J.: 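Please read through the structure below; I'll follow up with questions.
Model, not experiment: these values are computed from the prediction.
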Amino acid sequence: MQTKAALIQLNASDDPVSNLPVTQGFMREAAAGGARFILTPEVTNCLSSSRVHQNAVLQHQDDDLTLRGLRETAADLGIWLLIGSLALKTGDADGRFANRSFMIGPDGGIRAWYDKIHMFDVDVSPTETYRESDGYRPGDRAVVADTDFGRVGMTICYDVRFPYLHRTLADHGATILTAPAAFSPVTGAAHWEPLLRARAIETGCYVLAPGQCGSHDSHNGKTRKTHGHSIAISPWGEVLAEAGDQPCVSFVDLDTSAVTEARRKVPSLTHTRKFSGP
């Protein structure tokens, strides 16, 4: 089966109200270009480093204006939509948010959702540190979504560094892996493409990774930068499409026979062996 997909690259602000029509505009552009499967980046609704501001503008899932608006647009266009993720309130006692990805069907219905499992708690440099777990609770469930063009394994950003998650998704039937991101420019320049190519090669899956790009100002006065370079990788590890560092739409043709062929050549998914520890 063949399907045209489109990766939307955004430069989201910390204002969900202003971000929504921008995302919807790119969705319409993607659909006009023939895409049946459209993907947006991580934190499509609000990219902010201020928890105070997030508490003021974020909503619970049932009330979220971005989720509602994007579902309506997906239904209007009759397309499948992977909302890379939304930052959402959870009602948890510690006040932490969810970083949640959604698969939306052509009828606008939520077909699956996934909470980011691995938290980006790193010290990239003396001046660039991240503690995602301070603001977000980690998920604990791997998710494969059924679509009419194949099974889609859902991940988010930092998850890309954990091969066992992607192997589990492939073992449960995924032929496409999604990796929406808001990647750091430093780690992005060094690791973005090789990590995504490795996940494709290891699993024989397509890997689709729409990203945030550019500079993002927050109400606390801090500016965050993201890597961009949204990318689509074939099951053989080839780069099929890659964006630059500006908001845009990138198209890629998917063909399930490429998954079959890659796995026929190197059937590593069937070669798993148990072993004892060192």
J.: Begin from the C-alpha positions of Thr155 and Arg199 and carry the test side-chain contact (heavy atoms from CB on, under 4.5 Å) through to its verdict.
T.: CA-CA 11 Å; Thr155 78; Arg199 300 298 83 83; over 6 Å; no
J.: Would you mind checking if Asp64 and Arg68 are paired as a salt bridge, meaning a charged N to carboxylate O distance below 4.0 Å?
T.: no
J.: With a 3.5 Å distance limit and no angle check, can you tell me whether Asp15 reaches the backbone of Val17 through a side-chain donor-acceptor pair?
T.: yes
J.: To the nearest 0.5 Å, what is the distance between NE2 on His191 and OG on Ser184?
T.: 10.0 Å
J.: Is the ring centre of Tyr158 less than 6.0 Å from the ring centre of His118?
T.: no
J.: With distance as the sole test, does Arg100 use its side chain to make a donor-acceptor pair with the main-chain N or O of Ser85 at under 3.5 Å?
T.: no
J.: Quick one: OG1 on Thr178 to CG on Leu82, what's the gap to the nearest 0.5 Å?
T.: 4.0 Å
J.: Among Met119, Glu132, Arg96, Lys116, find the one that has a side-chain contact (heavy atoms from CB on, under 4.5 Å) with Arg137.
T.: Arg96
J.: Looking at Arg131 and Asp121, is there a salt bridge between them, counting it only when a charged N and a carboxylate O are closer than 4.0 Å?
T.: no
J.: For residues 29-36, please give each side-chain donor-acceptor pair under 3.5 Å, one per line with the distance, not counting sequence neighbours.
T.:
residue, atom, partner, partner atom, Å
Arg36, NH2, Asp148, OD1, 3.1
Arg36, NH2, Asp148, OD2, 3.1

J.: I'd like to check the ring-ring contact (aromatic ring centres under 6.0 Å, His included) partners of Phe183; sequence neighbours left out, ordered by chain and number.
T.: Trp192
J.: Measure the spacing between OG of Ser215 and CG of Asn11 and express it to the nearest 0.5 Å.
T.: 7.5 Å
J.: Rounded to the nearest 0.5 Å, how far apart are CZ of Phe37 and OG1 of Thr3?
T.: 9.5 Å
J.: Test your reading of the model: is there a side-chain donor-acceptor pair from Thr40 to the backbone of Thr44, 3.5 Å cut-off?
T.: no
J.: If the test is side chain to side chain donor-acceptor pair (under 3.5 Å), which one of Glu42, His216, Gln212 qualifies with Thr226?
T.: His216
J.: Regarding Arg151 and His172, do their side chains bring together a donor and an acceptor under 3.5 Å, going by distance alone?
T.: no
J.: Run the side-chain donor-acceptor check on residues 21-28: report pairs under 3.5 Å with partners two or more places apart or on a different chain.
T.:
residue, atom, partner, partner atom, Å
Thr23, OG1, Asn19, O, 3.2
Gln24, NE2, Gly69, O, 3.3
Gln24, NE2, Thr73, OG1, 3.0

J.: Taking atom CG of Leu7 and atom CD of Glu242, what is their separation to the nearest 0.5 Å?
T.: 11.0 Å
J.: Could you tell me whether the side chains of Arg167 and Thr272 share a donor-acceptor contact shorter than 3.5 Å?
T.: yes
J.: Which atom names give the shortest non-hydrogen contact between Arg263 and Ala174, and what distance separates them?
T.: NH2-O, 2.9 Å
J.: Verify the distance criterion only: is there a donor paired with an acceptor across the side chains of Asp255 and Ser257 at less than 3.5 Å?
T.: yes
J.: Rounded to the nearest 0.5 Å, how far does CG of Asp94 lie from OG of Ser133?
T.: 10.5 Å
